[in-house]
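None of these values were measured; they are calculated from a predicted model.
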Amino acid sequence: LGVLGAWSYHYSPSDDVLSKINDDLSGSPFMNLCSQVTVYLFPLVALVSGIPIFSIIVRYNLMENKVCGKGWANVWGVLFPWLVSIPAYTGSGLLQVINWTSLLVN
């Protein structure tokens, strides 16, 4: 999105660039549609595109270090992260994990 684009908006402490772009309806209808599509696609493209790469790396590291076989490496490297992350993204699951982690680590 870029620093220059971010500097063009006025923020309150709870705002971010994506919410500001999504709320800005001052352009033409086509540009408003483009900006809203971009705002909703950004998290998918930025976050979801890295998940298969991470899964492949974890799976091959488990097999390379002979921690487990190919079947279990698929379970721990591909299936397990999805099973853990889906409940964490719904509701306050992620917030609870962050709070407990900060209590235990600090």
Side-chain angles (χ1 to χ4, degrees):
L1 295 172
V3 174
L4 294 176
W7 283 343
S8 66
Y9 292 104
H10 298 286
Y11 297 96
S12 66
S14 63
D15 287 337
D16 60 50
V17 174
L18 293 177
S19 66
K20 283 296 187 178
I21 291 172
N22 195 32
D23 294 339
D24 184 14
L25 299 174
S26 62
S28 68
F30 176 73
M31 290 307 295
N32 291 338
L33 178 66
C34 287
S35 64
Q36 288 181 346
V37 168
T38 303
V39 165
Y40 289 112
L41 285 179
F42 177 75
L44 290 173
V45 172
L47 300 175
V48 176
S49 64
I51 293 172
I53 297 167
F54 174 74
S55 296
I56 291 169
I57 291 171
V58 169
R59 185 174 69 116
Y60 280 121
N61 282 338
L62 290 171
M63 290 187 327
E64 177 99 10
N65 294 318
K66 297 187 183 7
V67 174
C68 53
K70 185 176 182 180
W72 281 108
N74 283 329
V75 169
W76 291 114
V78 179
L79 185 63
F80 182 72
W82 283 104
L83 292 177
V84 171
S85 65
I86 290 172
Y89 280 114
T90 58
S92 62
L94 183 61
L95 181 61
Q96 290 178 5
V97 169
I98 291 170
N99 287 338
W100 279 104
T101 304
S102 65
L103 283 174
L104 296 175
V105 173
N106 289 330

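Looking at every heavy atom in both residues, V78 comes nearest to S55 through CG2-CB, 3.9 Å. A pairwise comparison of heavy atoms in C68 and A73 identifies SG-N, 3.6 Å as the closest pair.
Under the side chain to side chain contact (heavy atoms under 4.5 Å, CB included) criterion, S28 pairs with F30, M31, not counting sequence neighbours. Under the side-chain hydrogen bond (donor to acceptor under 3.5 Å, both in side chains) criterion, Y40 pairs with N22, sequence neighbours left out. With sequence neighbours excluded, the residues forming a side chain to side chain contact (heavy atoms under 4.5 Å, CB included) with F54 are V58, listed by chain and number. Annotation: side chain to side chain contact (heavy atoms under 4.5 Å, CB included) contacts of I98 (sequence neighbours excluded): L94. A search for side chain to side chain contact (heavy atoms under 4.5 Å, CB included) contacts involving V75 returns W72, not counting sequence neighbours.
Y60 belongs to a hydrophobic cluster whose other members, connected by ILVMFWY side-chain contacts under 4.5 Å either directly or through intermediates, are I56, M63.
Atom CD1 of I53 has 12 or fewer neighbouring heavy atoms from other residues, nucleotides or ligands inside a 6.0 Å radius.
Going from atom CG of N99 over to atom CG of L104 covers 11.0 Å, rounded to the nearest 0.5 Å.
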